[in-house]
Amino acid sequence: SLFNAYMYQFSPNFGLGLETLNHMEIVPGKGIEHAAFLAGPSIQYTSGKAFFILNFMPQIVNLNQAKVAGALDLDEYERFNIRLVMGYGL
C-alpha cells in the first residue's frame with residue numbers, strides 16, 4: 001500500500017486536504033492479483049493537543065483493468081473508504 005496526503009491548514013484549528021491510496025496484492029509467481037486506486041478529500045480539526053481527521057476516498061479505478069472505463073475491483077475493495085483518525089499529543 002502507498003498512502004499520500006496533503007493538508008492545507010487554513011486556520012489554527014481547521015485544515016482541508018487530499019489523500020490517495022494505491023493498494024496492490026502481489027502473489028509470488030502470479031504478479032499483481034488485485035490493485036485499486038482510491039482518492040478523496042480530508043478535513044482536519046485540532047483542539048489543544050487532540051486532533052481529528054475525517055477522510056472519504058471512493059475507489060477511482062481497478063489498476064489491473066485500467067484500460068476498461070469505470071472498472072472497479074469490488075470483490076476485494078470497498079467502493080467507498082471512510083476513515084476517522086483521532087490522536088492526542090503527549
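In this structure, the separation between NZ on K30 and CD1 on I26 is 13.5 Å, given to the nearest 0.5 Å. The distance from atom CZ of F14 to atom OH of Y8, rounded to the nearest 0.5 Å, is 14.5 Å. L84 CG to F52 CZ: the interatomic distance, rounded to the nearest 0.5 Å, is 7.5 Å. N81 CG to L21 CG: the interatomic distance, rounded to the nearest 0.5 Å, is 7.0 Å. In this structure, the separation between CG on N55 and CD1 on I43 is 11.5 Å, given to the nearest 0.5 Å. Distance OG/S1 to CE/M24: 10.0 Å, rounded to 0.5 Å.
With a 4.5 Å cut-off on side-chain heavy atoms, Y45 and N13 count as touching. Residues Y77 and H23 meet the side-chain proximity criterion, which asks for heavy atoms closer than 4.5 Å. At a threshold of 4.5 Å between non-hydrogen side-chain atoms, the residues I53 and R83 do not count as touching. Inter-residue side-chain proximity for E19 and N4 is flagged as unmet; no heavy-atom pair is nearer than 4.5 Å.
With hydrophobic clusters built from ILVMFWY side chains whose heavy atoms lie under 4.5 angstrom apart, L16 shares a cluster with M86. Hydrophobic clustering, with ILVMFWY side chains joined whenever heavy atoms are under 4.5 angstrom apart, keeps I60 apart from F80. F37 and L18 fall into different hydrophobic clusters, where Ile, Leu, Val, Met, Phe, Trp and Tyr are joined by side-chain heavy atoms under 4.5 Å apart, directly or via other members. Note on Y88 and M7: separate hydrophobic clusters, where clusters join Ile, Leu, Val, Met, Phe, Trp and Tyr whose side-chain heavy atoms are under 4.5 Å apart, directly or indirectly.
For I82, the side chain to side chain contact (heavy atoms under 4.5 Å, CB included) partners two or more places apart in sequence, or in a different chain, are L54, F56.
A pairwise comparison of heavy atoms in L38 and M57 identifies CD2-O, 3.6 Å as the closest pair. Pairing each heavy atom of A39 with each of P58, the nearest pair is O-CD, 3.0 Å. Of all heavy-atom pairs between E78 and L74, the closest is C-CD2, 4.3 Å.
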**OP:** Kindly indicate, with the supporting measurements, whether the criterion side-chain hydrogen bond (donor to acceptor under 3.5 Å, both in side chains) is fulfilled by Q44 and T46.
**Re:** CA-CA 7 Å; Q44 176 259 340; T46 301; 2.2 Å; yes

